[in-house]
Amino acid sequence: MQDSSNFKISSPFVAFPAPIFPYTSPVMAMCPLCSERPGKRYCPAKDVQICAVCCGTKREVEIDCPAPCPYLRSSRLYEMEKERRIPDPELEARVRRFDESFVERNHQAMDAVCIAVAEERPNAPWLVDSDVIEVYKALSATMKTLSSGIYYESLPDGTVRIALFHRLKALLDQLMQPDPDASRRTLKVSEAIDVLDFLTVAAEANSSVRPRSRRYIDWVSETFSGDAPAPQSSGLILP
């Protein structure tokens, strides 16, 4: 009888090391916006990973994109470069009304308006470029009634726009009053209309067709607000 204490199994499977499988990454989560594609881009507005298609098509359309988002910044740089190469002929024609001397004469008023827009932004986080543009247009229409002698306020739609309208209207009223310290020249009504028309053109040239675009507002904040994100471009672009 064989001594069981000395019995050894002779088998190729004895002491065979555990199988080694190649590393595979975890299954990537699906984009929560479409549930069709893997989420590969981090969206700071949604605080989730979304797919590239949703990032591109829903950017400033359904998503309120913050200015520091690298994908937003990249798309804006691309848009500005494209606009330099293929300018809008209608905007070009409107810009021709204004030369460097106009900017030099009215830069104080334009700066004051832009500062007021930047200061209004914390009070109106949902403010977008189209809101500012419509306020500029409403103020211009209001100023034109003032110059005609039949004053009428052309208020824009929406509480956010109306609040900005009243803020800028009060500022322009102040600029059109003589300065007791004589530190600035008094703005004429016709000049106020020209300033608003120039700012409207500038805002339209530096915005986009996306309904939640804040490209112009971000530029205003970067230029005229001390706590704004770092500038992403050299400044305002005109055709």
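Numbers for residues simply follow the sequence, beginning at 1.
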### Query
Is there a path from Y71 to L77 through hydrophobic residues (I, L, V, M, F, W, Y) whose side chains come within less than 4.5 Å of each other?
no
### Query
Is it true that atom OH of Y42 has more than 12 heavy atoms of other residues, nucleotides or ligands lying nearer than 6.0 Å?
yes
### Query
According to the interplanar angle, ranging from 0 to 90°, do the rings of W219 and F224 count as parallel (below 30°), tilted (30 to 60°) or perpendicular (above 60°)?
perpendicular
### Message
Strictly below 4.0 Å, N to O, side chains only: are E79 and R215 in salt-bridge contact?
### Response
yes
### Query
Side chain of R184, backbone of L175: donor and acceptor closer than 3.5 Å?
yes
### Message
Hydrophobic cluster membership, with links at side-chain heavy-atom distances under 4.5 Å among I/L/V/M/F/W/Y: are L196 and F198 in one?
### Response
yes
#### Entry: Hydrophobic cluster identity match, I162 and V117, side-chain contacts under 4.5 Å
no
### Task
Apply the test salt bridge (charged side-chain N to carboxylate O under 4.0 Å, His left out) to residues E119 and R167: give CA-CA distance (whole Å), side-chain angles for both, the deciding distance (0.1 Å), then the verdict.
CA-CA 10 Å; E119 291 175 344; R167 181 173 196 144; 3.1 Å; yes
### Message
For the CD atom of E120 and the CG atom of L168, what is their distance to the nearest 0.5 Å?
### Response
8.0 Å
### Message
Around atom CG of D99, are there more than 12 heavy atoms from other residues, nucleotides or ligands closer than 6.0 Å?
### Response
yes
### Task
Treating Ile, Leu, Val, Met, Phe, Trp and Tyr as nodes and any side-chain heavy-atom pair under 4.5 angstrom as an edge, say whether I50 and V53 lie in one connected cluster.
no
#### Entry: V113, T200, L127 screened by side-chain contact (heavy atoms from CB on, under 4.5 Å) with V132, the one that passes
L127
### Query
Distance from M143 atom CE to L172 atom CG, nearest 0.5 Å?
4.5 Å
